[in-house]
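Quick note: numbers below take in every heavy atom, side chains included, and nothing from hydrogens, waters or symmetry partners. Worth saying up front: this structure is predicted, and the values here are computed from it rather than measured.
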Amino acid sequence: MKKMRGVPSRATPSPLFALFLRDIRISRRLGGGTSLGVVFFLILVTLSAFAIGPDLALLGKIAPAILWISGLLATLLGLDRLFQADYEDGSLDLLLTSRTPLELIVLVKCLAHWILTGLPLAAATPFFGLMLNLPTSQLWSVTLSLLAGTPALTLIGAIGAALTVSLRRGGLLLAILILPLCVPVLIFGVAAAAAGPASPVPFATPFLILCALTLMTIAGAPFAAAFALRQAGT
């Protein structure tokens with residue numbers, strides 16, 4: 001068939017890219033977008049600062065741990081809806097029977113969730129670090145550690161979301177399931193974030209281990225979540 005002159009051709013997006021755009025639009029429409037996660041992150045940081053009191057030296061010392069714990073809890077926000085919305089409206093059955101590997105579908109959905117939650121948290125971290133009297137020399141280490149570690153938190157959370165996809169109000173169970181699995185990421189994330197000129201802990205070692213943990217979750221978590229989704233579908 002000859003192409004019509006003067007009529008622009010519209011390329012059909014790949015199924016995975018279309019799924020990525022769909023998840024971004026649905027999350028923003030349902031209020032699970034960037035602003036909600038950052039506001040929740042800000043509330044946690046502010047409450048921690050009020051709880052510790054006016055001791056600025058202590059606040060600056062434990063600021064990396066506060067930022068990481070707040071980032072972990074903010075990342076959990078909306079994870080229970082990662083697959084549950086597709087399960088409720090029947091889209092999950094179509095995804096299970098599609099020709100696209102389910103593991104890639106899980107990975108794309110996790111990428112969309114991380115862009116809406118993890119990436120804005122890492123971008124807002126320097127501003128919140130200044131609120132906690134964090135030394136300026138440590139702002140970049142906290143930001144980089146969250147940038148490298150939050151994808152692992154999202155992928156671990158995807159396993160819990162897949163296991164609880166058929167359960168109503170499974171958010172609490174999801175948190176109980178995945179928080180123990182997040183402990184290694186939290187340990188090495190805080191260790192990398194606390195690195196600085198005055199700290200005896202080097203930045204490179206815990207940061208590289210943190211990157212390795214993220215790569216391990218990218219390689220393994222989609223398969224575990226896909227297996228759980230197939231079990232839920234049957």
Got a list of side-chain donor-acceptor pairs under 3.5 Å for residues 209-228, not counting sequence neighbours?
residue	atom	partner	partner atom	Å
Thr214	OG1	Ala148	O	2.6
Thr214	OG1	Leu210	O	3.1
Thr217	OG1	Leu213	O	3.3
Thr217	OG1	Thr214	O	2.6

Could you list the donor-acceptor pairs under 3.5 angstrom formed between side-chain atoms of residues 50-67 and any protein atom two or more places apart in sequence or on another chain?
residue	atom	partner	partner atom	Å
Asp55	OD1	Ala57	N	3.4
Asp55	OD1	Leu58	N	3.3

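When each of Leu229, Leu92, Asp93 is checked for a side chain to side chain contact (heavy atoms under 4.5 Å, CB included) with Tyr87, only Leu92 meets the rule. Each of Ile178, Leu146, Leu121, Leu179 was compared with Leu72 under the side chain to side chain contact (heavy atoms under 4.5 Å, CB included) criterion, and only Leu179 meets it. Looking at Leu79, Leu181, Thr75 one by one, the single match for side chain to side chain contact (heavy atoms under 4.5 Å, CB included) with Ile156 turns out to be Leu181.
For the pair Lys109 and Glu103, the salt-bridge criterion is not met [side-chain N within less than 4.0 Å of a carboxylate O].
Within the 4.5 Å cutoff, side-chain heavy atoms of Thr46 are placed close to those of Met131. Here the side chains of Val190 and Leu186 are in contact, with some heavy-atom distance below 4.5 Å. Taking 4.5 Å as the limit, some side-chain heavy atom of Ile105 sits within range of a side-chain heavy atom of Ser98. Put simply, the side chain of Leu107 reaches to within 4.5 Å of the side chain of Leu155, judged on heavy atoms.
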Q: Go through Asp86 and Leu95 one step at a time and tell me if the side chain to side chain contact (heavy atoms under 4.5 Å, CB included) criterion holds.
A: CA-CA 9 Å; Asp86 296 328; Leu95 296 176; 4.1 Å; yes
Q. Which is it for Leu19 and Thr100 under the side chain to side chain contact (heavy atoms under 4.5 Å, CB included) test, yes or no, and what are the steps along the way?
A. CA-CA 11 Å; Leu19 178 66; Thr100 307; over 6 Å; no
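Cluster membership check: Leu111 shares its hydrophobic cluster with Phe17, using side-chain heavy-atom separations under 4.5 Å among Ile, Leu, Val, Met, Phe, Trp and Tyr.
Legend: ring-ring contact (aromatic ring centres under 6.0 Å, His included) pairs involving residues 94-131, not counting sequence neighbours, sorted by first then second residue: Phe41-Phe128. Counting only residues at least two apart or on different chains, the ring-ring contact (aromatic ring centres under 6.0 Å, His included) pairs with a member in residues 136-160 are Trp140-Phe203. Under the salt bridge (charged side-chain N to carboxylate O under 4.0 Å, His left out) criterion, no residue pair touches residues 127-153, with sequence neighbours excluded. A ring-ring contact (aromatic ring centres under 6.0 Å, His included) check over residues 54-73, counting only residues at least two apart or in different chains, returns nothing.
Under the side chain to side chain contact (heavy atoms under 4.5 Å, CB included) criterion, Pro126 pairs with Thr143, not counting sequence neighbours. Every side chain to side chain contact (heavy atoms under 4.5 Å, CB included) that Leu47 has, sequence neighbours left out, goes to Ile43. A search for side chain to side chain contact (heavy atoms under 4.5 Å, CB included) contacts involving Ala112 returns Phe20, Asp23, Ile24, not counting sequence neighbours. For Thr136, the side chain to side chain contact (heavy atoms under 4.5 Å, CB included) partners two or more places apart in sequence, or in a different chain, are Leu130, Leu139.
Panel note: side chain Ser141, backbone Ser137; no donor-acceptor pair is recorded below 3.5 Å. Remark: the backbone N or O of Pro202 is not paired with any side-chain donor or acceptor of Thr205 at under 3.5 angstrom.
If you chain together ILVMFWY residues whose side-chain heavy atoms come under 4.5 Å of each other, Val183 ends up grouped with Ile187. Counting side-chain heavy-atom gaps under 4.5 Å among Ile, Leu, Val, Met, Phe, Trp and Tyr, Leu94 is found in no cluster with other residues.
Pairing each heavy atom of Ser48 with each of Leu44, the nearest pair is OG-O, 2.9 Å.
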